[in-house]
There are 2 protein chains.
Amino acid sequence: MPDSAPATIEDVARIAEVSIATVSRAIHTPDKVAKSTRQRVNQAIAITGYTTNAMARSLRMGRSNMILILAPDIGDPNFSSTLIGLENEARAHGFGVLIGHTQNDPERGLEYLKFLSSGQATGLVLFTGHEPFGHQVVGQRLPPSVAVFEPVFGSKISYVGVDDVAGARKAAEHLLAAGHRSIAFIGDSKTRLGHQRRRQGFDIALDAARIPPQQRFVLEGEGTIESGRLAVEQLFMRDTLPTAFMCVNDATAVGVLNGLNARGYDLPHDFSVIGFDDVPQATYVNPALTTIRQPRTAIGRQAMSLLIKSLSDRPTERQEILLMPDLIVRGSVTAPVRR
Amino acid sequence: MPDSAPATIEDVARIAEVSIATVSRAIHTPDKVAKSTRQRVNQAIAITGYTTNAMARSLRMGRSNMILILAPDIGDPNFSSTLIGLENEARAHGFGVLIGHTQNDPERGLEYLKFLSSGQATGLVLFTGHEPFGHQVVGQRLPPSVAVFEPVFGSKISYVGVDDVAGARKAAEHLLAAGHRSIAFIGDSKTRLGHQRRRQGFDIALDAARIPPQQRFVLEGEGTIESGRLAVEQLFMRDTLPTAFMCVNDATAVGVLNGLNARGYDLPHDFSVIGFDDVPQATYVNPALTTIRQPRTAIGRQAMSLLIKSLSDRPTERQEILLMPDLIVRGSVTAPVRR
DNA sequence: TTGTAGGCGTTATCAA
DNA sequence: TTGATAACGCCTACAA
């Protein structure tokens, strides 16, 4: 039964009848203390319910064993399963993780930066392609960091993510194999690297199949449901229509599905749609979405592993680890209807 | 341009040509230092880029200004918007928040408990109805805490959430008003208080409408999509069927919708379905789900406000704050078809 | 194998 | 109005 104030190392020392130095050693370098002493110390720890005060420890050591994960949007369906990979790996190495939610607000980012610079976390995982703390600060004196899901634009921060080009290529090839020759790519972007890479995979596949550029419809989009809906509207103002939609991500695909449904089409008969990410929602939409699955947990695991390595080693150079995604076939792709 | 090591209060003192005590005062009690001195200090702070080391500060003060939010499942669609309410309110009072993800794993809970007991956080927000850290520890020496979304069973921890009874009643009354007389309640539970309260609201409404118990179908369910699907299957093994489904939450409702769709029914013509929560997904499902909206951000805000109050005041007694939810009408409820 | 003592960066007390 | 100084709890040379 612990008393009112948390036990300190001194309480333990008193009960075990040793010095605080010995207690500390018994905890961190057990070999360096005699067996009998060690036992007495352990008993005393059990009695007092002692837990080392992490703040005092980190203050003294100049570093904590916490890793901060910064996410602009906790609700992102990609986030939670990646997080599990990050957490499991961290734990296996004796690190704890804390999550910071920036809401895409630079001021909030700055607050977490303070958290970092006061040594409360040793490492940083970035869950966003944007610079986390406004421009001036970035890279200035960040702790060892790694980015997931979207590389940090123009920085030296290592990156672990999906192989966008290969994944997009798989998606496009699936459409091609189903017989489609007139395909739209929804979600091109001038600023987002991940989008560009997926576009690139799309082009590679269509080039290989000798689909002429006239039969490709490329529309911009920021990767939201709304942007998918919008793209459908834009497309329907043209003379010719594609038979299939390849979407930069599942959110866009959901928007496209919505837009098509709203126009009264019978899916997947009239149009095929394929997404990218495989978010949980992809299952519940109608028809269930054929898509490319991000290996989220694996991404998290590898990212954390890389980060922890860079914590102990000499500063290493930037690395980029790309994981191969799989095609998940559900109901949203069929052979094209002749029009 | 900060140099390699973070500036300390001493660096500032040296540059401002004052003592560290004065620097500290200039920061925390500006009135107690001469205007000219204050200015010099501020300049020095600007030059050095000084940030007070939170760990040293907390060590000295015996408490930090961080609040830990513990969630069993970060992916819970109710989580992210509640979080925003929590964060905003915390920030307005000068507190920072950190999120801990327990994955429903007691060991992980224990780790965060250590985090707490080593003083790295001053307050605790619980996002779960289960005891967070296994039985033995709970309530033993938790910092001031508040629970959100589901009261902590059998504890003295204050609670902020939705008025389940009133909300469920609204839902049932909406079904009743549409003409339904034979209604199923999906998601009853022997252990989950929130489910029980919703069931209670359902009964109140049906009692008031003098619907005899024989016309009520009550099925258990844990509130998952799967449990909704399952309930449909169970129901279809009986002789008589309800005309409407009132689901304990949206996830269940999605499952019910899926199950009904899979059996080839035309919704909402053949059956009406209503949910509870209004998660983002409710919009994308087909037909769009009529449901009861949790005032999530408000819940977060109030919970944090309560917590912060209990941080400064003398220990107050347990409070329970219930917020009133609204009915959101979309497409999944219509008049019953005569069979 | 063990103990003593200094210092990590702060804040707060007490004098000046 | 300011400055010296003692903690906060811990780790780690350095001595014994």
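The shown structure was predicted, so the numbers you read here are calculated from the model rather than taken from an experiment. Proteins get letters first, then strands, A, B, ... in listed order; numbering begins at 1 in each.
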Work out which heavy atom in [X] is nearest to a heavy atom in [Y]; give both atom names and the distance.
X        : Y        : answer
A:Pro144 : A:Ser310 : CB-OG, 3.7 Å
B:Pro143 : B:Leu116 : CG-CD2, 3.9 Å
A:Ala90  : A:Met304 : N-CG, 3.5 Å

Atom [atom1] of [X] to atom [atom2] of [N]: distance rounded to whole Å?
X        : N      : atom1 : atom2 : result
B:Asp11  : C:dT10 : CG    : C1'   : 14 Å
A:Gln120 : C:dC8  : CD    : P     : 19 Å
A:Arg57  : C:dC8  : CZ    : C1'   : 13 Å
A:Met61  : C:dC8  : CE    : C1'   : 12 Å
B:Glu10  : C:dG7  : CD    : C1'   : 11 Å
A:Arg14  : D:dC10 : CZ    : P     : 12 Å

Under 3.5 Å, is there a donor-acceptor pair linking the side chains of A:Arg296 and A:Asn78? yes

For [X], answer base if it contacts any base atom (sugar-phosphate contacts may also be present), sugar-phosphate if it contacts only those atoms, and nothing otherwise; contact means non-hydrogen atoms under 4.0 Å.
X       : value
A:Ile9  : sugar-phosphate
B:Thr51 : sugar-phosphate
A:Thr52 : sugar-phosphate

Start at the 5' end of DNA chain D and walk down; is the nucleotide closest to A:Leu59 or to B:Asp31 reached first? B:Asp31

Any side-chain heavy atom of [X] sitting closer than 4.5 Å to one from [Y]?
X        : Y        : result
B:Glu320 : B:Val160 : no
B:Ile99  : B:Leu83  : yes
A:Leu306 : A:Ile321 : yes

Quick one, which residues of residues 34-42 of chain A touch DNA chain C with a heavy atom under 4.0 Å? A:Ala34, A:Thr37

Residues of residues 16-25 of chain A with a heavy atom under 4.0 Å from any atom of DNA chain C, listed by number, are A:Val18, A:Ser19, A:Ala21, A:Thr22, A:Arg25

Any chance you could measure A:Thr102, atom OG1, to A:Phe127, atom CZ, to the nearest 0.5 Å? 11.5 Å

Which of D:dT2, D:dG9, C:dT10 is nearest the side chain of A:Ala56? It is D:dG9

Let's go through B:Leu307 and B:Ile67 carefully: what are the C-alpha distance in whole Å and the side-chain angles of both, what is the deciding distance for side chain to side chain contact (heavy atoms under 4.5 Å, CB included) to 0.1 Å, and is it a yes or a no? CA-CA 9 Å; B:Leu307 177 59; B:Ile67 286 167; 3.8 Å; yes

